[in-house]
Amino acid sequence: MDDVVARLRAAGCVFAEEEAALLAADGRDLDGPSGLVARRVAGEPLEQVLGWVTFGGLRVLLDPGVFVPRQRTALLVEEAVALGGRVVVDLCCGSGAVGLAVAAGLGEVELIAADVDPVAVACARRNGVDARAGDLFDALPGQLRGRVDLLCVNAPYVPTDAIADMPPEARDHEPVTALDGGADGLDLHRRVAAGARAWLAPGGALLLETSRRQAPGTLAAVAAGGLSGRLVTDDDRGAAVVVGTRVTGS
């Protein structure tokens with residue numbers, strides 16, 4: 001085990017001891033040329049190597065090449081659970097972690113998820129989520145239109161030019177479709193906000209993860225989409241979420 005810790009530390013793993021313990025407990029090949037340690041040392045995210053991630057108190061299955069849920073996204077989940085609702089959509093779902101955590105917090109809900117990446121859709125389905133493949137709202141069944149209480153969206157919001165500055169774990173092992181938000185990072189935010197109102201029930205809410213720097217642009221997109229927007233932040237987690245509500249009667 002000391003050798004594993006040393007190899008992980010030399011590869012730049014800050015929490016080498018904790019990672020070594022998790023890898024050792026996995027039960028699969030640890031030290032072979034294609035083993036868990038070699039994959040981690042090569043830069044693959046720990047969560048993809050293990051095949052799971054803990055998010056929102058749940059163990060969520062994670063396949064190679066699928067976006068790794070960030071812990072800051074728990075703010076979006078908490079806001080969704082506080083708002084409540086019965087019909088939940090997890091758009092740009094990745095592994096389905098957000099939808100699963102919201103459903104766990106609310107109890108019995110009707111949960112539909114969607115992602116443009118078929119690898120992510122397959123992963124979400126392995127997690128038991130009713131996930132559909134397609135571009136944003138195009139993937140959703142028509143009977144959801146005007147019925148969605150919570151539209152939870154962790155769309156990509158990294159500006160294209162900033163992807164090169166991301167940690168190698170992200171830029172080399174996560175799909176660019178899960179990272180690239182266009183020139184200012186808000187291309188997907190504008191598209192989601194423009195289409196959200198037609199899918200929301202009266203009083204329903206769109207929840208969009210963003211950054212503090214980009215929040216004014218996300219708020220402007222939500223307002224342009226005919227929703228009443230507000231910003232929620234958590235500095236400890238470096239998290240920001242814009243909530244856009246379809247005002248009852250509108």
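Note that this is a predicted model, so its numbers are computed, not measured. The figures that follow rest on heavy atoms only: side chains count, while hydrogens, waters and symmetry mates do not.
In this structure, the separation between OG1 on Thr245 and CG on Leu83 is 6.5 Å, given to the nearest 0.5 Å. Separation of atoms OG1 (Thr210) and CG (Leu76) is listed at 11.0 Å; rounding is to 0.5 Å. Atoms CD and CZ, on Gln48 and Arg39 in that order, are 8.0 Å from each other to the nearest 0.5 Å.
Ion pairing between Glu169 and Arg40 holds under the 4.0 Å rule for side-chain N and carboxylate O. With salt bridges taken as basic N to acidic carboxylate O contacts below 4.0 Å, one links Arg212 and Asp235. Ion pairing of Arg70 with Glu47 is absent here, as no side-chain N (NZ or NE/NH1/NH2) approaches a carboxylate O to less than 4.0 Å. The residues Glu110 and Arg147 are annotated as salt-bridged, a charged nitrogen and a carboxylate oxygen being separated by less than 4.0 angstrom. With salt bridges taken as basic N to acidic carboxylate O contacts below 4.0 Å, one links Arg190 and Asp184. The pair Glu78-Arg237 meets the salt-bridge criterion, since a charged nitrogen lies less than 4.0 angstrom from a carboxylate oxygen.
Across Cys152 and Val102, no two heavy atoms sit closer than the pair SG-CG2, 4.2 Å. Of all heavy-atom pairs between Ala16 and Arg9, the closest is CB-N, 3.8 Å.
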Taking it one step at a time, do Leu207 and Leu150 satisfy side chain to side chain contact (heavy atoms under 4.5 Å, CB included)?
CA-CA 7 Å; Leu207 298 98; Leu150 297 169; 4.0 Å; yes
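With a 6.0 Å radius and a threshold of 12 heavy atoms from other residues, nucleotides or ligands, Asp165 has its CG atom above the threshold.
Using a 30° and 60° split on the angle between ring planes, Phe137 and Trp199 fall in the parallel class, below 30°.
The salt bridge (Lys or Arg N to Asp or Glu O under 4.0 Å) search around Arg191 returns Asp135, not counting sequence neighbours.
Note: the hydrophobic cluster containing Val60 does not contain Val66 (ILVMFWY, side chain heavy atoms under 4.5 Å, direct or indirect links).
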